[in-house]
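A note on names: the letters A, B, ... follow the listed sequences, proteins ahead of strands, and every chain is numbered from 1.
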Amino acid sequence: MKDSLQALFSAALKNLVSSGVLDGIQVIEISFEQTKAKEHGDFATNIAMVLAKRAGMSPSELAPKITAAVPENDQIAKLEIAGPGFINIFIDHGVKFDVIERIQQEANAYGCSQSGEGQKILLEYVSANPTGPLHVGHGRGAAYGDTLSQLLTAVGYEVHKEYYVNDAGRQMDILATSVWLRYLQAVGEQFRFPANAYQGDYIVAMAGQLKESIGDKYRVDSQSLLNSINKMEDEIALDALISAAKEATADDYKAFFEVGLNTLVDDIRNDLEGFGVSFDEWFSERSLFADNAVQEAVDALAKLGYVEDRDGTLWFKSSDFGDEKDRVVVRENGMPTYLASDIAYHLNKFRRGFSHCINIWGADHHGYIPRVKAALQASGEDPDRLIVLLVQFASLYRGGEKVSMSTRSGQFVTLRELRDEVGNDAARFFYVQRKSEQHMDFDLDLAKSQTNENPLYYVQYAHARICSVFRQASERGIVYDLSVVGLAKLLHEDVEQQLAAKLAAFPEQIQVAADNYEPHQLTYFLRELATLFHRYYNSSNFLDVEPSVRNARLAMIAACRQVLSNGLTLIGVQAPEKM
RNA sequence: GCGCCCGUAGCUCAACCGGAUAGAGCAACGGCCUUCUAAGCCGUAGGUUACAGGUUCGAGUCCUGUCGGGCGCGCCA
């Protein structure tokens, strides 16, 4: 609808330019918005106010000239000038209901577009460190990222979904060492488990399995080991334990490492798949070292003169590119930092032929953006091709108290626990409902015990109700015809017009949500559509009416069902036929 | 101290990137089931959009400052 308005008003402005009323004004885009009040028509444009100054006349002078110049057409019933210079557009009654036929034809594809056609996007999200199960904080990124990928796909982009597995670095050593220590306990050693090793029960389970498969081959005397270590400061003690683990397990250290890593990555993958979130690729950080890509990335920057050796430490001069200070890429001991592998990773992404790379990061990583962009720019890439979307943390509340979480302490509510309690659909809808950069309070008691209050059920209920009407129709042997001939004459209730307008707005809603990376807009749209339907349901009878009216109303609610289903599918939740 | 995000009804959040009278849900109050699912509908009440300036036809939205909250400011990942 807006497209045809766009065409009509562009033509009007062109007419005004050629007739000399407007002088050499180039208008790129005219904005139309759906009106809130009925007396303002169906759409309104502010174009007269926008152009008034440049046209050298007041909006109220210009507006009538614009409306007079709009070409003859059968879409617009009436144009009115109102307020400070708005042009209110009243759409022809019959045209309003054309959308029902379009929905019938396009069915599952209604709402999709090709605006992103030919462009490939790499979308990286979740990417939680494989050091424990996903918790509810990760769930938000998972739901947000997955819905975003669906939206981008719906508007024509080719989306490649990727999970970056941080399987290198000290955290992995801590994980392997934690497994080994639990293994020692499993084979009979008695000692207090270090507070800064990973505490979770899943480590104990892994250690138990290792004991079954390899016996006590890697047992050491914990008393003599810990006597010396206990005197050290915590983090140094942990390093000493890592060394001890490597020494005790010798060539099989890798086995402890692998069992820890694989168990956790598999667990994360299963968890996400259960949540309806899948990835095209699980990209290993270690592979960047294996391919020498990290070294090559640092070398390349050095060759360009952006790496400086200061007392044996290599610094990337990121401050040359807007970062607040320079960053270490290779430590004095020769080990590359996390930034070094991340630079290599992003260069790898950029060179795989994507038009854009989108990262969904936790908001705590925001300070990291300038240095990664600096590295891309220094390497000769366009940093604007990297889009970082930040997701604020979800604060958890239980019994009115904020729950503090940390991975190492093992005290967190897992995503799996949340899914078991409230169900995938409710969890996904709940997460996606909030704008990503908005801080979010996740009340566990509310989500778990009062799931009926979740707006998801309201939307799903609308869908189920429509299905029920059609079920009733067939049970009662009612013959109906959903063809749209003469439809508009039979639908004249306010709510019917509002529904038609809402249904017609769906494609644009998807476009806006995708363009702005704001899936939450879709949840609000669906709620509003459901509200209109429920109102319709309560005010009008669909089956026990005269057959022609029945056909028209059934065609209307069938279109509603289609759009509700399309929208819910994009969010990744079910559209149930019964509730 | 510096940087990023945020501040909207009692609570949780919207507001179509500057538009007309700031909207929903929950909580509160009052109505609606012998007829298609009451997980629903209708109505009432609830606001100086943290505060103070500025930009313009017009500001919750943009700019400056103040206050308040979250996060970041490692040779951790």
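- Nucleotides U48(B) and A22(B), compared at atom P, are 12 Å apart to the nearest Å.
- For the pair F430(A) CZ and U12(B) P, the interatomic distance rounds to 11 Å; values are reported in whole Å.
- Residue R465(A) places at least one side-chain N or O under 4.0 Å from the OP1 or OP2 atom of A38(B).
- If you measure from atom CG of N538(A) to atom P of U35(B), you get 13 Å, rounded to the nearest angstrom.
- Within the 4.0 Å cut-off from OP1 or OP2 of C76(B), at least one side-chain nitrogen or oxygen of R331(A) is found.
- As a whole-Å value, the separation of I47(A) CD1 from G18(B) P is 15 Å.
- The separation of G68(B) from C26(B), taken at their C1' atoms, amounts to 26 Å, rounded to a whole angstrom.
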Listing, residues 334-342 of chain A side-chain donor-acceptor contacts under 3.5 Å, not counting sequence neighbours, or none:
{"from": "T337(A)", "atom 1": "OG1", "to": "V328(A)", "atom 2": "O", "distance (Å)": "3.0"}
{"from": "T337(A)", "atom 1": "OG1", "to": "V329(A)", "atom 2": "O", "distance (Å)": "3.4"}
{"from": "T337(A)", "atom 1": "OG1", "to": "L339(A)", "atom 2": "N", "distance (Å)": "3.4"}
{"from": "T337(A)", "atom 1": "OG1", "to": "A340(A)", "atom 2": "N", "distance (Å)": "3.4"}
{"from": "Y338(A)", "atom 1": "OH", "to": "N166(A)", "atom 2": "ND2", "distance (Å)": "3.4"}
{"from": "S341(A)", "atom 1": "OG", "to": "E285(A)", "atom 2": "OE2", "distance (Å)": "2.8"}
{"from": "S341(A)", "atom 1": "OG", "to": "Y338(A)", "atom 2": "O", "distance (Å)": "3.0"}

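- For the pair N541(A) CG and C32(B) C1', the interatomic distance rounds to 16 Å; values are reported in whole Å.
- Taking atom P in both U21(B) and U49(B), one finds a spacing of 14 Å when rounded to whole Å.
- If you measure from atom CD of Q460(A) to atom C1' of A38(B), you get 18 Å, rounded to the nearest angstrom.
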Determine, stepwise, if the pair D494(A) / K38(A) fulfils salt bridge (Lys or Arg N to Asp or Glu O under 4.0 Å). CA-CA 10 Å; D494(A) 273 359; K38(A) 196 176 153 190; 3.2 Å; yes

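- Using N1 to N3 plus N6-O4 or O6-N4 for Watson-Crick, or N1-O2 and O6-N3 for G-U wobble, each under 3.5 Å, C73(B) pairs with G1(B).
- Centroid-to-centroid, the aromatic rings of Y144(A) and Y517(A) stay 6.0 Å apart or farther.
- Distance check on atom C1': C16(B) versus G23(B) gives 13 Å, rounded to whole Å.
- Look at U37(B): it lacks any Watson-Crick or wobble partner with both distances under 3.5 angstrom.
- Taking atom CZ of F542(A) as the reference point, atom P of C41(B) lies 13 Å away to the nearest angstrom.
- If you measure from atom CD of E285(A) to atom C1' of C76(B), you get 12 Å, rounded to the nearest angstrom.
- Checked against the 6.0 Å centroid criterion, the rings of H534(A) and Y461(A) qualify as a close aromatic pair.
- When Watson-Crick and G-U wobble pairs are counted only if both distances are under 3.5 Å, G68(B) pairs with C6(B).
- If you check A20(B) for Watson-Crick or wobble pairing at under 3.5 angstrom, you find it has no partner at all.
- For K36(A) and A20(B), the shortest distance from a side-chain N or O to OP1 or OP2 is below 4.0 Å.
- A distance cut-off of 5.5 Å between ring centres, combined with a plane angle under 30°, leaves H520(A) outside any stacking arrangement with the base of A14(B).
- Between the CG atom of D323(A) and the C1' atom of G74(B) there is a distance of 14 Å, rounded to whole Å.
- Close to G74(B), at under 4.0 Å from its OP1 or OP2, lies a side-chain N or O of K325(A).
- A heavy-atom distance below 4.0 Å to RNA chain B is reached by none of the residues of residues 497-510 of chain A.
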Start with the C-alpha gap between D544(A) and R550(A), add the side-chain angles, then the distance that decides, and say whether salt bridge (Lys or Arg N to Asp or Glu O under 4.0 Å) holds. CA-CA 8 Å; D544(A) 297 315; R550(A) 178 166 64 211; 5.9 Å; no

Kindly determine whether L543(A) and I478(A) satisfy side chain to side chain contact (heavy atoms under 4.5 Å, CB included), including the steps that lead there. CA-CA 8 Å; L543(A) 295 178; I478(A) 294 173; 4.1 Å; yes

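- In summary, the side chains of K349(A) and N359(A) do present a donor paired with an acceptor at a separation below 3.5 Å, with no hydrogens or angles considered.
- Searching all strands for a Watson-Crick or G-U wobble partner of C29(B) with both distances below 3.5 Å returns G43(B).
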